[in-house]
Amino acid sequence: MPSMIPMKEFADRRRKLMERMAPDSIAIVPAAPESVRNRDVLHPFRQDSDFQYLSGFGEPEAVLVLIPGREHGESVLFCKERNPEKELWDGFLSGPEGAIDKFGLDDAFPISDIDDILPGMIEGRSRVYYPLGKDHSFDARVMDWVKVIRSKVRAGAHPPGEFVALEHLLHDLRLYKSANEIKVMAKAGEISAKAHCRAMKRARKGGYEYNLEAELIHTFMDHGARSTAYPSIVGSGANGCILHYIENSAPLKEGDLVLIDAGCEVDCYASDITRTFPVSGRFSAEQKALYEVVLSAQYAAIEAVRPGNHWNHPHEAALRVLTQGLIDLGLLSGSLDDALEQEAYKPFFMHRTGHWLGLDVHDVGDYKIGDAWRQLEPGMTLTVEPGLYIAPDNTDVDKKWRGIGIRIEDDVVVTKEGCRILTESVPKTIADIEALMAD
Ligand code: GLY
Ligand code: MN
Ligand code: MN
């Protein structure tokens, strides 16, 4: 499917990266490897996020090379050649011609020629940027290309001396989303919001967690989002306290909550939504009390997402509300400041309030610059996802609270004034959830 991001934007990203690279350097970025599911069946292919960001080229067996100042073109792609016989079985290939015509690369060659051509492109460049240490076999290939140059030093060849992790330059660019990227992420968020609504409406006792997962997948696919951004979490009852629960096979019981953490991917961009709702359509008194605390914490955290605040402000805001709520409900004792200082909330809230979101669900970008939390700036996109999880075996608290797991998660983008919520159309107040489920 063609990318919603215009080709010019990919060229701009490559240009920006090259502006940050040393002038006598080269960057080498491989496509994702294909992976075998079983025997001759492959897992569905998902492009490498860095490669996708710089090329928009969705095929495997490709390598992007950026060579600032190269006379015959700075952006070079090695990719599979067109082959009518192969394409009859496995589908369309762009070929080097298509890479230039349709993807706007400056120059392109067959991937089968890379060992002959690339050492000559690296020769004379003193620094090589590549995803150092990400994939052993690619590390070895880079060194093989360098060895070819080293073997020719007596003939005057200049091998590179510095190898630098590409992510230092590239991931900072990826952190700031463009208007087009936000459009795509908003689309992913809207589809995921529809999916959560559909799953909420389907919930009833006698069903199974996977029935709700089926509704999610149906909605994603129905809107052209062929993949989830991560395995969907559908945890009912105490399964909602298992943070990465993906078994999704337990029966739904009257009186239990269901926690669904699921999001689709559009154009390789992730969405990431969590909602928690009662199987019966009506919250119990204890569920209501805890839910209101989590919802207030989420509002407080979203309020703290604005320029001028740093990365940790939303987390601190959520922690205050969650901890005060636990004290008010008698799940913790003592003063708020002491409880925060001693991290007394940890048995009930053990994860962070969010993460960067983008091409990867836990997206790239530094959270700290040196020792200081990063300032929030327009275009940064993140999740806000406080929760409370009362373990079923927590004998420190009254029985009535045990086995309740609640998380509420939205995707937000920092704007000039504050932030915009990309996943707003799925209800999250108790009244709105109960109304939707009664519908
Ligand atoms: N679904 C993964 C997360 O919320 O971080
Ligand atoms: Mn998340
Ligand atoms: Mn999530």
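Each ligand, and each atom within it, is numbered from 1 in the order the structure gives.
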Over all heavy atoms of both residues, which pair between A225 and V266 is shortest? Give the atoms and the distance, please.
CB-CG2, 4.1 Å
Need the ligand 1 atom indices (1-based, order shown) with element for anything under 4.0 Å from a heavy-atom of D261.
1 (N), 2 (C), 3 (C), 4 (O)
Counting from 1 in the order shown, the ligand 1 atoms closer than 4.0 Å to a non-hydrogen atom of E409 are 4 (O)
Give the intermediate values and the outcome of ring-ring contact (aromatic ring centres under 6.0 Å, His included) for residues Y230 and H244.
CA-CA 10 Å; Y230 53 92; H244 291 160; 9.0 Å; no
Under 4.0 angstrom from ligand 1, any heavy atom of D272?
yes
Check E385 and report its N/O/S atom nearest to the Mn ion (ligand 2), by atom name.
OE2
Could you pull out the closest heavy-atom pair between D48 and K134, with the gap in Å?
OD1-NZ, 2.6 Å
Here the atoms of ligand 1 under 4.0 Å from any heavy atom belonging to H362 are 2 (C), 3 (C), 5 (O)
The Mn ion (ligand 2) to nearest N/O/S of H355 less than 2.8 Å:
yes
Are F283 and Y291 close enough that their ring centres sit under 6.0 Å apart?
yes
For the residue pair H310 and W373, categorise the inter-ring angle as parallel (less than 30°), tilted (30 to 60°) or perpendicular (more than 60°).
parallel
Answer yes or no for D261: is there an N/O/S atom below the 2.8 Å cut-off from the Mn ion (ligand 2)?
no
Can you spot which of E209, K205, K253 makes a side-chain hydrogen bond (donor to acceptor under 3.5 Å, both in side chains) with S236?
E209
Geometry at the Mn ion (ligand 2) - D272 OD2 versus E409 OE2 angle, rounded to 10 degrees:
80°
Say whether R407 and ligand 1 are in contact under the criterion: heavy-atom distance to a ligand atom below 4.0 Å.
no
So, the side chain of H315 versus the backbone of P386: is there a donor-acceptor pair under 3.5 Å, distance only?
no
